[in-house]
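Report on the structure given below.
Numbers restart at 1 for each chain; the letters A, B, ... are given by sequence-line order, proteins then strands.
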Amino acid sequence: MMQQKARITSQQLREAQLQVDRFAMELEHCRDLSNTIVHVDMDAFYAAVEMRDNPELKDKPIAVGSMSMLSTSNYHARRFGVRAAMPGFIAKRLCPHLIIVPLNFDKYRVVSKQVGICLAPTSICSWVSCRIRSQLQMPRQDWPEERRRYFIKTGNSAENDEPGKEVNNLSEYELSASPLLFEDSPPDLQPPGNPSQVNCKEQNKLQIPQKSVVFGTSAEEVVKEIRFRIEQKTTLTASAGIAPNTMLAKVCSDKNKPNGQYQILPSRQAVMEFIKDLPIRKISGIGKVTEKMLKALGIITCAELYQQRALLSLLFSETSWHYFLHISLGLGSTHLARDGERKSMSVERTFNEINKAEDQYSLCQELCSEIAQDLQKEGLKVFLVLL
DNA sequence: GCGGATCAC
DNA sequence: TATGGTGATCCGC
């Protein structure tokens, strides 16, 4: 490639520059800032689940996997350089006290579904992968304050509420208006009969709500609400990114990790400001090899990627330089469906098919019951309310 | 259409 | 002692 580069004449480069800039102008013309994409990412997911279920592991450096291969580590272990995809025996050398916990996929799957349910009532569309990365498209209309109010759990009652235990406690009101649509909602999360009783009197139980929170309706607030719901339901924390497209939202979700969120406001200027000094390696799709190739051309940041756009169009395939140009302009997908089909049952599929469907209601009903059945197989019980 | 390379997780 | 498994995409043949 370097030889190829050496053969490029300044004339060729000028022509390439014109062609690329024409294309860049078209892209700029089509820039869409009207969507809000949220990327939710669980913090050290497997390790967090293991720590939650075994308090002895708290405050200790742990990793999940085996002596041959680790899937992830907690933040304590990361201080020693212990990372995902690292062989366990090497991690042991870096951190002799490291505790390696074997994988429990069945457990992660259950928690994953729980997190998925936490997304549903705040969004119109979500997608949850088995590894718990999830993205969702908003916006929700303004809901009444009661619907955005939560009581904060106290004590240790947060973990592992048994599915189906609290069915009897569901009130008529909760079924229709509660943000919690699942059957196994802990009783202390029920909406207030009287919103003013913020500092609740004791009810001779430990798990009495003492404080309530109300989330706003901005994207930032909705995402805070989602993370709050996840933490209340699973005792695990999540980070999130909010941006006008999926590519940026994913990068953002990493920015204030763990247990934080970051938003790129929907303006061209905000996007460009964020992109400017961002190392290209942070972008999903740019791996070790591509990073190294571009580094050889003097490209580390997105701004440099843009500067070299003409050269890149001569050295790389069309798909590749188009991809690079999109990145350097801060452009990305503004919708979640990649193609028509996805294997896993998901709310996203529901959303896409509803959009196309002639008989929206009956299809929605059908797919919702499918989702419910799916979740029941995992031992979770849900109400799906068609509005 | 197939296999290799790259990438995400 | 010991460095994964799977699926997606792109590319060249």
So what does [X] touch, heavy atoms closer than 4.0 Å: a base, only the sugar-phosphate, or nothing?
X	value
A:Ser320	sugar-phosphate
A:Ile90	base
A:Ser66	nothing

message: Within this structure, what is the CD-CG distance for the pair A:Glu304 and A:Asp277, rounded to the nearest 0.5 Å?
response: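 Reported value, rounded in 0.5 Å steps: 8.5 Å.
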Nearest whole angstrom, please: distance from the [atom2] of [N] to the [atom1] of [X].
X	N	atom1	atom2	value
A:Met67	C:dT1	CE	P	9 Å
A:Phe105	C:dG4	CZ	P	14 Å
A:Asp41	B:dA8	CG	P	14 Å
A:Lys292	B:dC7	NZ	C1'	16 Å
A:His322	C:dT9	NE2	P	19 Å
A:Leu103	C:dT6	CG	P	14 Å
A:Leu70	C:dG5	CG	P	14 Å
A:Tyr323	C:dC11	OH	P	12 Å

Taking only the side-chain heavy atoms of [X] (C-beta and beyond), determine which of [options] contains the nearest atom.
X	options	result
A:Lys250	C:dT3, B:dA8, C:dG4	B:dA8
A:Arg281	C:dT3, B:dT6, B:dA8	B:dA8
A:Val289	C:dG4, C:dA2, B:dC7	B:dC7
A:Met69	B:dA8, C:dA2, C:dG4	C:dG4

Less than 4.5 Å apart, any side-chain heavy atom of A:Glu28 and any of A:Arg268?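 When only atoms from C-beta onward are counted, A:Arg268 and A:Glu28 do touch, with a gap below 4.5 Å.
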With clusters defined by side-chain heavy atoms of hydrophobic residues (ILVMFWY) lying less than 4.5 Å apart, directly or transitively, does A:Ile299 cluster with A:Leu311?
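Shared cluster, yes.
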**Item:** Row check, A:Tyr262 ring normal vs A:Lys255 NZ/CZ: under 6.0 Å, within 45°
**Value:**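 Verdict for A:Tyr262: a cation-pi partner in A:Lys255.
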**OP:** For C:dT3 versus B:dA8, give the span between their P atoms, rounded off to a whole number of Å.
**Re:**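 That atom pair is separated by 23 Å.
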Would you say [X] places a side-chain N or O within less than 4.0 Å of OP1 or OP2 belonging to [N]?
X	N	value
A:Thr290	B:dC7	yes
A:Thr319	C:dC11	yes
A:Lys282	B:dA8	no

### Message
For A:Ser239 and A:Asp41, which I'm curious about, is there any donor-acceptor pair between the side chains at under 3.5 Å?
### Response
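No, because no side-chain N or O of A:Ser239 sits under 3.5 Å from a partner of the opposite role on A:Asp41.
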